[in-house]
Amino acid sequence: MKNRINKLFQEKKERVLSVYFTAGYPDLEDTVSIIQELVKNGVDLIEIGMPFSDPVADGPVIQRSSLIALQNGMSIRKLFDQLKDIRQVTDIPLILMGYINPVLQYGVEAFCEKCREVGIDGLIIPDLPLSVYEEDFRSVFENNNLHNIFLITPQTSDDRMRTIDGISEGFIYMVSSNATTGAKSSVTDFQRDYFERVNSMELKNPRMIGFGISNSETFRNACQYASGAIIGSAFVKALGGTEPLEQKVSQFINSIVTES
Amino acid sequence: MSYQVNEKGYYGEFGGAYIPEMMVPNIEELQHNYLEIINSYDFRQEFVGLLKNYVGRPSPLYFAKRLSEKYQSKIYLKREDLNHTGSHKINNTIGQILVAQKLGKHRIIAETGAGQHGLATATVCALMGLECIVYMGAVDVERQAPNVKKMRMLGAEVIPAISGNQTLKDATNEAMRDWINNPVDTHYIIGSVVGPHPYPDMVARFQSVISEEIRWQLEEQTGRENPTRVIACVGGGSNAAGAFYHFLDQENVELIGVEAAGKGIETHETAATLTLGTPGVLHSSRSILMQTKDGQITEPYSISAGLDYPGIGPMHANLFTSQRARYLWATDAEVLDAALELTRLEGIIPALESAHALAALKKLQLKPEEVSVINLSGRGDKDMETYLNHFGY
Ligand SMILES: Cc1ncc(COP(=O)(O)O)c(C=O)c1O
């Protein structure tokens, strides 16, 4: 079967909206409802965070949602359980995002097989480095039709970007600035230079810009330089509100896609 | 069998660099340059010169006569407590600040538990005129208050880490986040043999001066280079790595690390990582750590802030797995007794961390002809509050 991420980027070349949320937050059993609401509101791709106790690449908002999710009882096992019928509900591309240690404890092979079984299309594991991926993970990922999504940053050299582009499938995750998630939120000159540098490289994979995208303005700006953008902390923050879930999701997504 | 790191950054199956892409440029820069820098003539001159004239090395190897009488065996103390700033941590920070300078960095960050590494970092930053930011768990800011005041007087900014248990692990998380947010111009001086390759190896090399000195000092005093055993406490494992280093290939020298058992290994309030842990990845290297079956890191506990950490350096994970070294544990109560014992028998108030190594004496069957070297990694000044609360002086 064709990977849903590839299909998406073949069909849609601009203003692709990807949204991240932490599984198990605000409530343990919200996972499927959040996915359904995001789909209803026209989101193109969903990243489901697997919470970890020590998320070093994340800022305060996702640190907090991860902590609460763990306190609520979230685990990879639980998450797979919640997702077991998700493909009867939606065909949207789904990516799991999380740190390497819980995946190692689950067992890499078992984890990847389970991903295929429930219908996951890709993985983002920030602390899985390129070299370890190539040696120890690539073949199990590929055997299970899972795309490993790599990050690039303003500090990534051109050479390394080409290497990453070479082994990437699906898309490349362009980290907007040198930052943990949730920081900074305007497109500075420095970021513009970086975005333009990457665009001029004519990479084979589409790019999505993430980190610091929080409203319609930052979303629009990011979309000028890539196929689309990824929103994480701002959405997680919105989920912390007291309104009904349906309302929180639709209000937030509307505020992003509506041109001001 | 080699117990040293291989060219890929692993000790056996442990080590490596599990870093997010944001840290790659800084870590690769270090990986590509650290050996050339620290083996260069200029660096050696500066490093050795500062260790001698600034830190006060060599630190004495002291025959502890009354302690030896009590345990009916020969016990020597390697006096790292007499170093400038009061612990072994300064050996590493002198080395790393020189590396940072050679790499052209102007801003220094560090994590600290007991505050000894933060203090040693703040000290070398003052010495070199570099900006210094130290992350310290909010709980440790409280329990190691004298060191916080010293760091501030030295010009460092101390930022309390308020996540998790607010101890060493959380301070390390915050320091890593700082580095991700400031990838240019900043060097992260990690305080132990933990973190991504090349840190464990680099820090072990800087600390290896401890065992280098033990060998010639012991020979000078006893005519033999090798003791029967070397004993050191292990948090991340840097003072132990330094004390073991030149004995790793001397298989007849017994190597003993002592972990912090906190309130006991059967309780949840403990930091005995090797005794209770399983393989996994924390702070960018594969090692042994305390975790749940789901791979979430367990919050540790120890009376000693410097050992209150759920991981351990990959070198020790390998020494443990290959059985080259043995790892014991000591509870808070045993440690307090051992600290008082040394104080009364030898007139030396040890750091709580170092008192873990002393507590091992009761757990070993020492023979009269045997020679044990205990690495006294630090002095007890910073722990006076804890001692006073406990003993009521
Ligand atoms: C005196 C002393 N000994 C030991 C340690 C533990 O560190 P390591 O295991 O890296 O030697 C510390 C840490 O703060 C310390 O201050």
Side-chain angles (χ1 to χ4, degrees), chain A residues 50-60 63-64 66-67 69-70 73-79 98-107 111 124-133 135-136 150-157 160-161 164 172-175 177-181 183-184 211, chain B residues 8-10 13 15-29 31 111 161-165 169-186 195-197 278-287 289-299 310-311:
Chain A
M50 303 177 284
F52 180 49
S53 54
D54 293 85
V56 290
D58 286 298
Q63 286 174 44
R64 190 172 156 274
S66 303
L67 180 70
L70 290 172
M74 186 41 76
S75 66
I76 293 180
R77 235 166 280 277
K78 178 84 197 160
L79 179 61
Y99 292 80
I100 188 78
N101 194 53
V103 174
L104 291 175
Q105 303 313 318
Y106 191 95
F111 176 81
I124 303 177
I125 304 178
D127 56 348
L128 173 59
L130 188 69
S131 52
V132 180
Y133 169 72
E135 267 183 42
D136 299 340
F150 290 95
L151 275 54
I152 58 174
T153 81
Q155 302 307 309
T156 308
S157 67
R160 190 170 167 92
M161 281 190 200
I164 288 174
I172 293 174
Y173 193 137
M174 263 176 92
V175 176
S177 55
N178 301 306
T180 41
T181 52
K184 302 171 188 148
F211 286 37
Chain B
K8 286 182 160 175
Y10 283 84
E13 60 176 298
Y18 293 78
I19 46 172
E21 189 63 30
M22 296 78 110
M23 277 167 69
V24 166
N26 276 315
I27 294 299
E28 285 195 341
E29 181 182 38
Q31 287 174 347
E111 86 296 339
I162 53 169
S163 54
N165 258 23
K169 168 178 79 99
D170 313 294
T172 308
N173 290 343
E174 288 306 325
M176 288 190 163
R177 289 182 186 120
D178 179 305
W179 213 14
I180 288 172
N181 282 288
N182 298 282
V184 186
D185 206 36
T186 295
H197 175 65
T278 48
V281 172
L282 173 66
H283 295 144
S284 311
S285 72
R286 195 179 136 77
S287 187
L289 41 111
M290 299 204 307
Q291 58 185 328
T292 66
K293 65 175 185 351
D294 291 329
Q296 307 298 340
I297 311 305
T298 320
E299 296 294 350

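Below, read A as the first sequence line, B as the second, and so on, with proteins coming before strands; counting in each chain starts at 1.
Neither the backbone nor the side chain of B:P196 comes within contact range of chain A; no heavy atom of the residue lies under 4.5 Å from a heavy atom of that chain. Contacts between A:I100 and chain B at a heavy-atom distance below 4.5 Å involve the side chain alone, from C-beta outward. Contacts of A:R77 with chain B are made by side-chain atoms alone, with heavy-atom separations under 4.5 Å and no backbone atom involved. When heavy atoms are compared at a cutoff of 4.5 Å, A:Y106 does not approach chain B at all. With a threshold of 4.5 angstrom between heavy atoms, B:Q291 approaches chain A through side-chain atoms but not through N, CA, C or O.
Judged by distance alone, the side chains of B:S284 and A:D127 never bring a donor and an acceptor atom under 3.5 Å apart.
In terms of heavy atoms, A:A57 sits closest to B:M22 at CB-CE, 3.9 Å. Shown here for B:S163 and A:Q63, the closest heavy-atom pair between the two residues is CB-OE1, 4.2 Å. Closest heavy-atom contact between A:P102 and B:Q296: CG-NE2, 4.2 Å.
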Subject >> Pair B:E21-A:V175, side-chain contact (heavy atoms from CB on, under 4.5 Å): steps then yes or no >> reply: CA-CA 9 Å; B:E21 189 63 30; A:V175 176; over 6 Å; no
Original post:
Yes or no on side-chain contact (heavy atoms from CB on, under 4.5 Å) for A:Q155 and B:V184, after CA distance, side-chain angles and deciding distance?
Top reply: CA-CA 9 Å; A:Q155 302 307 309; B:V184 186; 3.8 Å; yes
**OP:** Step by step, work out the side-chain contact (heavy atoms from CB on, under 4.5 Å) result for A:N101 and B:L289.
**Re:** CA-CA 10 Å; A:N101 194 53; B:L289 41 111; 4.0 Å; yes
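Note that the CG atom of B:N173 and the OG1 atom of A:T180 stand 11.5 Å from one another [nearest 0.5 Å]. Atom CD of residue B:E28 and atom OG of residue A:S157 lie 7.5 Å apart, to the nearest 0.5 angstrom. Between the CD1 atom in B:I180 and the CZ atom in A:F211 there is a gap of 8.0 Å [rounded to 0.5 Å]. For the atom pair NZ of A:K78 and CG of B:D294, the computed distance is 12.0 Å after rounding to the nearest 0.5 Å. Of the inter-residue distances, the one linking A:E135 atom CD with B:K8 atom NZ reads 4.0 Å to the nearest 0.5 angstrom. Between the NZ atom in B:K293 and the OG atom in A:S75 there is a gap of 6.5 Å [rounded to 0.5 Å].
Of the possible polar contacts, none joining the B:E174 side chain to the A:V56 backbone as a donor-acceptor pair under 3.5 Å is found.
Looking at heavy atoms from C-beta onward, B:M23 lies out of side-chain contact with A:P126 at the 4.5 angstrom threshold.
Here A:V132 is the residue among A:I125, A:V132, A:L67 with the most heavy-atom pairs under 4.5 Å with chain B. Between chain B and the options A:P129, A:P51, A:P154, the largest number of non-hydrogen pairs under 4.5 Å is found for A:P129.
Counting non-hydrogen atoms of other residues, nucleotides and ligands closer than 6.0 Å to CZ of A:R160 gives a total above 12.
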